[in-house]
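Encoded as structure tokens, the structure appears first; notes follow it.
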Amino acid sequence: MNFFGKLSFCVLLMGALVGGRPVLADNFSTLATGGSGGWLNVTRPLTEADMKGRLVLLDFWTYGCVNCIHVVPDLKKLEQKFGDGLLVIGVHSAKFKGEQANSRILSAAKRFGLEHPVINDSDFAIWKDFKVEAWPTLVLLDTNGQEISRYEGEGHLKNLDADISKHIGSTTKHDTSVASLIAKEQQKSVLSFPARIKKYGDLFYIADAGNNRIISVDKDGKIIKTFDGFHSPRGFTVSGDKTLFVADTGAHSLISVDIESGKRETLGGDGARGRIWASPWDVAVTADGNLVIAMAGTHQLRIYDTAEKTLDIFAGNGREAVTDGDADDAELAQPSGLSIASDGSVYFADAESSALRVVKDGQVKTLIGTGLFDFGLKDGLYPTAQMQHPQGVFVKGDMVYIADTYNNAVRTYDIKTGQLSTLKTSGETLNEPGSIWVGDDFALVADTNNSRILKLDLKSGMLSVFPVK
């Protein structure tokens, strides 16, 4: 825990650092070990020969970090521009315990569409060898493995493009292309990494993020309507059974869709990450018809006035931390899932702080969670109780149901007593659940990494497959 605390301190105090870092003399041999977890997303382990003669760009990342997700489009642009002369390697050094397993990292690589090799550096050996201090960090190596430059944080596409352009002429041809090394995976189910599920009227709506669409299904799971053309949508809401509002996460936009005609309008965002529109993760409609948006990329909640078509801050000053108080001055950490109670209180899952928080009467209050690097699976009261990177919440009466994503669990928070509990389940096993909807007798859970929806019997705790067909 002290090691992680030091990382947080370096990020906050030192900001973006470029170049000048001493690293190992034989970087290619260090990378060829594959780290403690080995090579992922490839048909075979990479060798020093695969690296030598190419420019190698190392992306130190952890897959729950929204800033790391923001780097992915930049990596794709560089890979497309420079082709086989550039080898991008993702070095996954997990922040959360729940991010350490090979299967989970590989699922994240597929979910983000990574087309390059990934190393599981779960013991931080490669991270320490390269003296990395923040997620994400990008390190460019020349054809012999010597460091050319490094950048911390996101938004360095132009600098990296210039650095690579300057050295790309020194690369040599290889018999094996990078593309041929990447493992291909065939989709086996109707859904692909579903991120959110909610019920409106007689229909359930699902954010089928991996298929870039929102679908509606009936009580038997039959698809009724499909709304295509989104970019990894993570959240949505329906207003008046007429309008679908979509948090189009990958396009950093808010989209309205007329459910009947399919006509759509972009209400905010231009498709590129900006200072205001950055990774909207969920959206909920208030009693007066306005929209609260979980803006994960700016660590804020925003409010969109549907009549005036204006956007304002609902909570969060943009700094990533866990600080309560007046909504405008509070500090949030990657808010991901929203649910509005009958009294207008807005409950949200603050993923990076593993927290459950609420905005009520203009004040932010943390109900569960104590810091960016405090997480676990503990029932009880604040501050002892812990979660691990939750992404979904649903308020029903005096109970908040939580999709505790990295703990593969469904948790409940009693609003009256402050007690956090873990639901005992049997049957099917959850794998990074991203969302939960709760009815009177059963709940539906977006079992994201298993690309399916599960039905939870609230009385028995039995989990069974809700077939989407």
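- Under a 3.5 Å cut-off, the side chain of T249 and the backbone N or O of P280 do form a donor-acceptor pair.
- Across L420 and K378, no two heavy atoms sit closer than the pair CD2-O, 3.7 Å.
- Of all heavy-atom pairs spanning P335 and A294, the tightest one is O-CB, 3.6 Å.
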Given the rule in the side chain to side chain donor-acceptor pair (under 3.5 Å) test, do T310 and E308 qualify, once you have shown the distances and angles that lead to the verdict? CA-CA 5 Å; T310 57; E308 299 295 328; over 6 Å; no
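- Proximity of D404 to L377: side-chain heavy atoms (C-beta onward) are separated by under 4.5 Å at one or more points.
- Rounding to the nearest 0.5 angstrom, the gap separating the CZ atom in R111 from the CD atom in E432 is 5.5 Å.
- Side-chain contact between I126 and S93 is absent, with no heavy-atom pair separated by less than 4.5 Å.
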Could you walk me through whether D50 and T47 pass the side chain to side chain donor-acceptor pair (under 3.5 Å) check? CA-CA 5 Å; D50 292 319; T47 65; 3.2 Å; yes
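- A donor-acceptor pair shorter than 3.5 Å can be found between the side chains of T366 and R357.
- If you take CG on N67 and CH2 on W61, they are separated by 14.0 Å, rounding to the nearest 0.5 Å.
- With N212 contributing its side chain and S232 its backbone, the two residues share a donor-acceptor pair below 3.5 Å.
- Checking side-chain atoms of H252 against main-chain N and O of S279 turns up a donor-acceptor pair under 3.5 Å.
- Between Y406 and Y63, the angle of the ring planes goes over 60°, which puts this pair in the perpendicular group of the 30/60° scheme.
- Remark: K198 qualifies as a cation-pi partner of F236 under the 6.0 Å distance and 45° angle criteria applied to the six-membered ring.
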Going through the checks in order, is the side-chain contact (heavy atoms from CB on, under 4.5 Å) test met by F230 and D208? CA-CA 10 Å; F230 296 106; D208 190 14; over 6 Å; no
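- A donor-acceptor pair is defined here as one N or O able to donate and one able to accept, closer than 3.5 Å; such a pair exists between the side chain of D447 and the backbone of N431.
- Checking side-chain atoms of S107 against main-chain N and O of N449 turns up no donor-acceptor pair under 3.5 Å.
- Looking only at atom types and distance, the side chain of D84 has no donor-acceptor partner in the side chain of S177 under 3.5 Å away.
- No donor-acceptor pair closer than 3.5 Å links the side chain of R264 to the backbone N or O of I255.
- At least one side-chain heavy atom of I293 sits under 4.5 Å from a side-chain heavy atom of W277.
- Proximity of a side-chain donor or acceptor of E115 to a complementary backbone N or O of I182 within less than 3.5 Å is not detected.
- Counting heavy atoms of neighbouring residues, nucleotides and ligands inside a 6.0 Å radius, atom NZ of K365 does not exceed 12 of them.
- Counting heavy atoms from C-beta on, the side chains of Q363 and D326 come closer than 4.5 Å.
- Nearest heavy atoms, I340 versus V346: CG1-CG2, 4.1 Å.
- Residues R411 and D379 are paired through a salt bridge, judged by an N-O separation under 4.0 Å between the basic side chain and the carboxylate.
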List the steps and the verdict of side-chain contact (heavy atoms from CB on, under 4.5 Å) for I197 and V445. CA-CA 7 Å; I197 183 164; V445 182; over 6 Å; no
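- A donor-acceptor pair is defined here as one N or O able to donate and one able to accept, closer than 3.5 Å; no such pair exists between the side chain of D329 and the backbone of N317.
- Here CG of N450 is found 11.5 Å from CG of L191. Values are rounded to the nearest 0.5 Å.
- For the pair D324 and V364, the tightest heavy-atom approach, listed with the atom from each and the gap, is CB-O, 3.1 Å.
- A cation-pi contact, defined as under 6.0 Å to the ring centre and within 45° of the axis, is absent between R150 and F60.
- For the atom pair CG (L311) and CG (N290), the distance works out to 11.0 Å, reported to the nearest 0.5 Å.
- Using a distance-only test at 3.5 Å, with no hydrogens or angles considered, no donor-acceptor pair links the side chain of D374 to the main chain of G369.
- Counting heavy atoms from C-beta outward, P233 and I214 have side chains that approach closer than 4.5 Å.
- Here the side chains of T370 and V322 are not in contact, with every heavy-atom distance at 4.5 Å or above.
- Atom CE of M51 and atom CZ of R54 lie 10.5 Å apart (nearest 0.5 Å).
- Without hydrogens or angle criteria, D248 side chain to H231 main chain gives a donor-acceptor distance under 3.5 Å.
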Step by step, work out the side chain to side chain donor-acceptor pair (under 3.5 Å) result for D350 and Q334. CA-CA 6 Å; D350 214 27; Q334 206 170 309; over 6 Å; no
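- Looking at heavy atoms from C-beta onward, T62 lies in side-chain contact with H92 at the 4.5 angstrom threshold.
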Could you give me the CA-CA distance, side-chain angles and deciding distance for E331 and T323, then say whether side chain to side chain donor-acceptor pair (under 3.5 Å) is met? CA-CA 5 Å; E331 296 174 331; T323 305; 2.6 Å; yes
Could you walk me through whether I436 and L444 pass the side-chain contact (heavy atoms from CB on, under 4.5 Å) check? CA-CA 6 Å; I436 185 168; L444 292 182; over 6 Å; no
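- For the pair P194 and I206, the tightest heavy-atom approach, listed with the atom from each and the gap, is CB-CG2, 3.9 Å.
- Across all non-hydrogen atoms, the minimal contact from A446 to A195 is CB-C, 4.3 Å.
- A salt bridge is defined here as a Lys NZ or Arg NE, NH1 or NH2 lying under 4.0 Å from an Asp or Glu carboxylate O, and K309 with E265 meets this definition.
- The closest side-chain heavy-atom distance from H389 to K95 is not below 4.5 Å.
- Of the N and O atoms on the side chains of T30 and D26, not one donor lies less than 3.5 Å from an acceptor on the other residue.
- No side-chain donor-acceptor contact under 3.5 Å links S256 and T243.
- For the atom pair CG of D129 and CZ of F124, the computed distance is 13.0 Å after rounding to the nearest 0.5 Å.
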Can you check side-chain contact (heavy atoms from CB on, under 4.5 Å) on W39 and I119, steps first, answer last? CA-CA 5 Å; W39 289 93; I119 293 172; 3.6 Å; yes
